[in-house]
Amino acid sequence: MKEDTYILGIESSCDETSASIVKNGREVLSNVINSQIKIHEQFGGVVPEIASRNHIEAISNVVSTALKEANIEMDKIDGIACTYGPGLVGALLVGVSYAKALSYALNKPLIGTNHIHGHIAANYITHQNLEPPFLCLIISGGHTHLVHIKSYTEFEILGKTRDDAVGEAFDKVARVIGLGYPGGPKVDNLAKEGKPTIELPKTHFDNLDFSFSGIKTAVINLHHKTPDLNKADLCASFEKVVTEELIENTLKAAKQLKIKKIALAGGVSANSYIRAQFIDLEKQGYQIFYPEPVLCTDNAAMIASAGYYQYLAGTRSDLSLNAVPNLSVWGR
Ligand code: KG4
Ligand code: ZN
């Protein structure tokens, strides 16, 4: 009988220090997330240098807590998967250095893992039967990618943002209208009290690319020109137009590739309006997948899951592994 495989995942690409033990790529035994949101809140966004220092302070405890909560000894671990990009260089380096040290000291395989592959893999944890091929729309603070997941380790980018990531637009809109950081969940909540009655611009390209800087700027200008405009209506209108753009491109890709399985991933996929609109596509025969909220935003379980599939495919990193802040979906 096949032995179980246990992967230790380590994530430190932005403002969450996280470690997790995942069994066979799908079963989360622990997922410890130390969020720095409270620390960065006062600055209205993530301050890279402060993030790095806090990762250094937290990482050792986070990893040992993950092992303890999973009730597993380090020698039972089959491999160590760590995010090596994309992300903030100083933040990434903390996780990469820690994982390299562990791998060297314990003589365990090291698997440098792409953060975006992690977001995709979060779906494998929530949906135990989900298997490639499928389409995945990755919408987070740093990324907006429409990707064809051909196999567990083969990806093709079909479209991406030409400027701001969706989450970036949510955060900026929230900051300008005074909702604070991180803006996504705050816009999400306020939008529920409003109506999408305000007209905002939508961007179209001939291919499957996205653009969100136009709508972001339009909301900001509108707010400055008409400060007593109803903020809830503004949030609802913003969410509606953004969602339409996301759905249009996703459907175009689904039709082109004749794919009926669509997964959402990344922090913005926690948005209740976006989810509801995508779920509505089930009426048209699509199957919609999205991770549970805690697996949408940055966490190490998703890294351990993505790392597991790379481990099976034979990927091994050596001690020359370095942080790659602008790593692409393909891993180059
Ligand atoms: O995936 P993530 O944790 O980090 C990156 O890899 O970027 O995503 C963080 C982003 C932030 O922009 C945050 O505002 C957004 O996800 N976000 C949301 C919601 N929850 C988090 N955006 C819209 N609605 C939400 N409920
Ligand atoms: Zn992320």
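Remember, it's 1-based here, ligands and their atoms both numbered in the order they're listed.
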Could you please spell out the steps behind the ring pair (Phe, Tyr, Trp, His ring centres under 6.0 Å) verdict for Y124 and Y309? CA-CA 11 Å; Y124 298 136; Y309 289 105; 5.4 Å; yes
Taking only heavy atoms of [X], which atoms of ligand 1 are found under 4.0 Å from at least one of them?
X	result
H119	1 (O), 6 (O)
G167	12 (O)
A270	26 (N)
H115	6 (O)

Working to the nearest 0.5 Å, report the span between CD1 of I157 and OG of S328.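 Rounded to the nearest 0.5 Å, the CD1-OG separation comes out at 6.0 Å.
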Take every heavy atom of P185, measure it against each atom of ligand 1, and state whether any distance is under 4.0 Å.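 Flag set, P185 near ligand 1.
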How about C14: does one of its N, O or S atoms come closer than 2.8 Å to the Zn ion (ligand 2)?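 Under 2.8 Å: C14 has no N, O or S contact with the Zn ion (ligand 2).
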Please state which protein non-hydrogen atom is closest to [atom] and give its distance, to 0.1 Å?
atom	result
atom 17 (N) of ligand 1	G267 O, 3.5 Å
atom 12 (O) of ligand 1	D171 OD2, 2.7 Å
atom 26 (N) of ligand 1	D188 OD2, 2.9 Å
atom 7 (O) of ligand 1	G141 N, 2.8 Å

Are S12 and Y98 side-chain neighbours, meaning at least one heavy-atom pair lies under 4.5 Å?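 When only atoms from C-beta onward are counted, Y98 and S12 do not touch, as no gap falls below 4.5 Å.
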I72 versus I77: any side-chain heavy-atom pair under 4.5 Å?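 Answer yes - side chains close enough.
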Can H55 and D15 be counted as having a side-chain donor-acceptor contact under 3.5 angstrom?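 Absent: no donor and acceptor within the cut-off.
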Quick one about N299 and E11 (side-chain donor to acceptor, distance below 3.5 Å, no hydrogens or angles considered), yes or no?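 The criterion, which ignores hydrogens and geometry beyond distance, is not satisfied for N299 and E11.
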Considering only heavy atoms, which of C296, G87, G184, P182 lies nearest to atom 18 (C) of ligand 1?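 Looking at heavy atoms only, G184 sits closest to atom 18 (C) of ligand 1.
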Return the option from T297, I139, D298, N271 holding the heavy atom at the smallest distance from atom 4 (O) of ligand 1.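 Closest candidate by heavy-atom distance is D298.
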Have a look at Q310 and tell me which of T153, T113, N114 forms a side chain to side chain donor-acceptor pair (under 3.5 Å) with it.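 Exactly one option meets the side chain to side chain donor-acceptor pair (under 3.5 Å) with Q310, and it is T113.
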Treating K216 as the side-chain partner and K172 as the backbone partner, does any N or O pair qualify as donor plus acceptor under 3.5 Å?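 Not confirmed, K216 side chain does not pair with K172 backbone.
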If we only count N/O pairs under 3.5 Å, is E168 in contact with ligand 1?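 Between E168 and ligand 1 (N or O atoms, distance only) the closest approach is not under 3.5 Å.
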For F238 and F170, what are the C-alpha separation, side-chain angles and deciding distance, and is it a ring pair (Phe, Tyr, Trp, His ring centres under 6.0 Å)? CA-CA 9 Å; F238 169 76; F170 267 93; 5.0 Å; yes
At the Zn ion (ligand 2), what angle lies between atom OD1 of D298 and atom NE2 of H115, rounded to 10 degrees?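 Here the angle at the metal atom is close to 100°, to 10°.
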